[in-house]
Amino acid sequence: MIPRVVARNLGKKLRSHNAQRSLTFQDALISGWKNLGSSSHHWVLKDVSFEIGEGECLALVGKNGAGKSTLVRLLGGLLTPDEGRLTVIGRVAAVLDPMATFHEEQSGRENVQVAFAIAGLDTKTCAKQFERIVDFSELAHCIDNPVRTYSQGMQLRLALAVALHTGPEILLIDEALSFADDLFQEKCFRRIRQLKSEGCAAIIASHDLADIIPQANRALLLESGRVVAFDYSEIVRQKYSSLSTEVKSRSELIAAARKRS
């Protein structure tokens, strides 16, 4: 099996700003320059290692704030790691933030053409896939309208349709499928299974385990930026469920203690 993504001890840190820091020159002058600048950094990902090969689907799971989106952005090249090594082999198609993907004054048609150009694909390939994208997204009635007139759901469908029809060797989806309606979500999963059969590696981040786990060969569970489990998807699902139960129990104990006090 040809590896598509290899991550070894990845780490990413973000700057934590001092809540009391001076925001203006006048504030800094009054405070005597004491509160100028930032205070520290914190690690949003630490010691993350995994590997995924062609034809595999990896479910990236964890509660909000676990580091899923940061990891997907590292894989997509939007962020660079502060430590560790990341190797990504193949053409990447990503759906990270559909509302930030398109130029809102351009039409859906024009945005599709731009997306193909950015992916390094020629106009002939775009023309060949265009009708499939329009049919898949179910947006034939408005494909020549400015994207600013699209609802968020319509933009989501177009972004997914484009990503799924640019011949990706690596497909990255960050939470987007969780917001699609059931019928469109199933259509996307069928297309992902087809791409997998052609050798595409898919990494899908989601907190909706019921839908994503059955699609995946393996799953990576993150908690507070660290890997809790990386195994067959059903094993990780059980681990995630047990962690969720533990968190719920701790919350209930804390709430009961506060009531007694």
| Trace of the side chain to side chain contact (heavy atoms under 4.5 Å, CB included) decision for V5 with L86 | CA-CA 7 Å; V5 177; L86 175 62; 4.2 Å; yes
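- At least one donor-acceptor pair under 3.5 Å links the side chain of S233 to the backbone N or O of A216.
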| Pair N9-R85, side chain to side chain contact (heavy atoms under 4.5 Å, CB included): steps then yes or no | CA-CA 7 Å; N9 304 115; R85 180 171 59 87; over 6 Å; no
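- With Q185 contributing its side chain and L177 its backbone, the two residues share a donor-acceptor pair below 3.5 Å.
- R73 CZ to L172 CG: the interatomic distance, rounded to the nearest 0.5 Å, is 10.5 Å.
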| message | For K13 and E83: C-alpha separation, side-chain torsions, deciding distance, then whether salt bridge (charged side-chain N to carboxylate O under 4.0 Å, His left out) applies. | response | CA-CA 9 Å; K13 59 185 177 180; E83 65 178 19; over 6 Å; no
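- Using a 4.0 Å cut-off between charged nitrogen and carboxylate oxygen, R193 and E186 count as a salt-bridge pair.
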| message | Let's go through F116 and T166 carefully: what are the C-alpha distance in whole Å and the side-chain angles of both, what is the deciding distance for side chain to side chain contact (heavy atoms under 4.5 Å, CB included) to 0.1 Å, and is it a yes or a no? | response | CA-CA 7 Å; F116 270 74; T166 52; 3.9 Å; yes
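- Proximity of a side-chain donor or acceptor of K46 to a complementary backbone N or O of K12 within less than 3.5 Å is not detected.
- Hydrophobic cluster membership is shared by F230 and L45, with clusters built from Ile, Leu, Val, Met, Phe, Trp and Tyr side chains linked at under 4.5 angstrom.
- Looking at T125, D135, I143, T123 one by one, the single match for side chain to side chain contact (heavy atoms under 4.5 Å, CB included) with F130 turns out to be I143.
- When atom types are taken as modelled, the side chain of Y240 and the backbone of A229 share no donor-acceptor pair closer than 3.5 angstrom.
- A donor-acceptor contact shorter than 3.5 Å is absent between the side chain of R218 and the backbone of Y232.
- Checking V228, L58, I203 one by one against L220, the side chain to side chain contact (heavy atoms under 4.5 Å, CB included) holds for a single residue, L58.
- Within 6.0 Å of atom CG in D122, more than 12 heavy atoms from other residues, nucleotides or ligands are found, so the atom counts as buried in its surroundings.
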| Hey, mind stepping through D174 and K68 against salt bridge (charged side-chain N to carboxylate O under 4.0 Å, His left out) and telling me if it holds? | CA-CA 8 Å; D174 183 18; K68 301 189 301 298; over 6 Å; no
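- Hydrophobic clustering, with ILVMFWY side chains joined whenever heavy atoms are under 4.5 angstrom apart, groups F50 together with L222.
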